[in-house]
Amino acid sequence: MLKISRFFQWACAFVLLGSSAQASVYYISPNGDDSRSGLSVKEAWKTLDKVNQVTFQPGDKVLFESGRVWNGQLKPQGSGSADKPIVIGSYGGNARPVINIAKAEGAGIRLTNQSGWEITNMEITSGAPPEVGIGRQGIVAVVRGENQHIRHLVVRNSYIHDVWGQLGGRSEYAGLNSCAILITARGSNTILDDVLVENNRIERFDKVGIVVDGGK
């Protein structure tokens, strides 16, 4: 019985260690390939679509090649925590990676009901002329539903520029929501906790610079 008990304890310990998810670093480059692992510079992914398909885990890092451009919108999945945030940032130089949303409606980077994210050293732009009924945004974190408690959202050292939205209208992207950086809670008994927006540069943005709405 003693031998069986010791084996059982060892097996349980092995299972517990194996189930602890290890944080990963993912690389994205225009020269990458979405069929690869993304887990090294040589194995980098290529597109925003690939990143949007992945549910990231606490402590993961999502790093875009410095100074390169991606066309589209980034909508990553998953949640981190204050001590193990998921980080969106850059690698390979000091120039910011660029996300160009062009004529698309909505945000360059968008989080929905997600805790524990840090977005740093990113550039969001559009350059497309304004269109009636089309709202455009830079970096957005939206909390929806009841009894939500979202913790630790950071946006720092990013550059958002030349994005033309719309002040009027009823779209969720219009009015005050046509915003360079928007962190907002919509719903009853919803809490935003530990939010930091710092050292960002905003130029030629229509219509609002920064809005943080802490919910009710």
Side-chain angles (χ1 to χ4, degrees), residues 23-78 80 85-112 114 116-129 134-141 153-165 173 179-183 196-206 209-210:
S24 299
V25 180
Y26 297 92
Y27 298 86
I28 303 93
S29 167
N31 297 321
D33 185 334
D34 287 346
S35 67
R36 297 173 181 167
S37 69
L39 294 174
S40 70
V41 173
K42 291 183 179 180
E43 291 289 312
W45 293 331
K46 183 173 184 177
T47 68
L48 298 180
D49 286 343
K50 175 63 178 182
V51 180
N52 292 342
Q53 294 170 9
V54 176
T55 299
F56 296 100
Q57 303 300 318
D60 284 352
K61 294 182 179 181
V62 185
L63 305 182
F64 292 83
E65 187 176 356
S66 172
R68 306 304 293 270
V69 179
W70 285 262
N71 296 310
Q73 295 170 289
L74 180 59
K75 301 175 183 179
Q77 306 301 308
I86 302 169
V87 176
I88 296 175
S90 62
Y91 76 92
N94 295 324
R96 295 179 178 93
V98 180
I99 295 178
N100 188 335
I101 67 173
K103 294 183 177 181
E105 183 172 50
I109 301 176
R110 181 184 176 96
L111 304 173
T112 302
Q114 293 164 262
W117 283 81
E118 296 186 0
I119 300 170
T120 182
N121 203 43
M122 297 296 291
E123 182 173 339
I124 311 295
T125 191
S126 163
I134 300 297
R136 300 187 180 108
Q137 304 166 308
I139 298 172
V140 174
L153 297 173
V154 176
V155 181
R156 63 159 62 96
N157 297 334
S158 292
Y159 180 33
I160 305 168
H161 62 98
D162 297 291
V163 181
W164 311 116
Y173 308 112
C179 189
I181 299 173
L182 173 65
I183 301 176
L196 177 63
V197 179
E198 67 174 358
N199 296 331
N200 298 286
R201 179 180 172 187
I202 299 169
E203 295 182 333
R204 299 178 298 280
F205 197 98
D206 190 7
I210 300 172

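Side chains included, hydrogens not; waters and symmetry mates left out as well; all remaining heavy atoms used. Residue numbers start at 1 and run along the sequence shown.
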List the atom pairs, with distances to 0.1 Å, where a side-chain N or O of residues 91-103 and a protein N or O form a donor-acceptor pair under 3.5 Å, not counting sequence neighbours.
| residue | atom | partner | partner atom | Å |
| --- | --- | --- | --- | --- |
| Arg96 | NE | Asn157 | O | 2.9 |
| Arg96 | NH2 | Asn157 | O | 3.2 |
| Asn100 | OD1 | Ala102 | N | 2.8 |

Do Tyr173 and Ile134 pass the side chain to side chain contact (heavy atoms under 4.5 Å, CB included) test, and can you show the C-alpha distance, the side-chain angles, and the key distance before you say yes or no?
CA-CA 7 Å; Tyr173 308 112; Ile134 300 297; over 6 Å; no

Among pairs that include at least one residue of residues 59-75, which meet salt bridge (Lys or Arg N to Asp or Glu O under 4.0 Å), considering only residues two or more places apart or in two chains?
Glu65-Arg68

Can you name the side-chain hydrogen bond (donor to acceptor under 3.5 Å, both in side chains) partners of Arg110, sequence neighbours left out?
Thr112, Glu172

Can you name the residues that form a side-chain hydrogen bond (donor to acceptor under 3.5 Å, both in side chains) with Asn200, not counting sequence neighbours?
none

What is the distance from atom NZ of Lys42 to atom OH of Tyr27, rounded to the nearest 0.5 Å?
13.0 Å

How many angstroms lie between atom CG of Leu74 and atom CD1 of Ile28, to the nearest 0.5 angstrom?
8.0 Å

To the nearest 0.5 Å, atom CD of Glu123 lies from atom OG of Ser66 at 10.5 Å

Supply the atom-to-atom distance Ile202 CD1 to His161 NE2, rounded to the nearest 0.5 angstrom.
11.5 Å

Those residues that, when tested against Phe205, pass ring-ring contact (aromatic ring centres under 6.0 Å, His included) (two or more places apart)
none

Taken to the nearest 0.5 Å, the spacing of Glu203 CD from Ile160 CD1 works out to 11.0 Å

Ignoring hydrogens and geometry, is there a side-chain-to-backbone donor-acceptor pair from Ser158 to Met122 under 3.5 Å?
yes

Backbone of Gln73 reached by a side-chain donor or acceptor of Asn52 within 3.5 Å
yes

What residues, two or more places apart in sequence or in another chain, satisfy side-chain hydrogen bond (donor to acceptor under 3.5 Å, both in side chains) together with Asn71?
none

Who are the ring-ring contact (aromatic ring centres under 6.0 Å, His included) partners of Trp164, not counting sequence neighbours?
none

CG of Leu63 to OG of Ser29, rounded to nearest 0.5 Å, is 12.0 Å

Listed partners of Asp162 passing salt bridge (Lys or Arg N to Asp or Glu O under 4.0 Å), at least two apart
Arg204

With sequence neighbours excluded, what pairs up with Trp45 under the ring-ring contact (aromatic ring centres under 6.0 Å, His included) test?
Tyr26

May I ask you to decide if Gly78's main-chain N or O and Gln114's side chain share a donor-acceptor pair within less than 3.5 Å?
yes

Apply side-chain contact (heavy atoms from CB on, under 4.5 Å) to Ser35 and list each qualifying residue two or more places apart in sequence or on a separate chain.
Asp33

Taking the side chain from Asp34 and the backbone from Lys46, do they hold a donor-acceptor pair closer than 3.5 Å?
yes

Glu43: what forms a salt bridge (Lys or Arg N to Asp or Glu O under 4.0 Å) with it, not counting sequence neighbours?
none

Does Glu118 have any side-chain hydrogen bond (donor to acceptor under 3.5 Å, both in side chains) partners at least two apart in sequence or in another chain, and if so, which?
His152

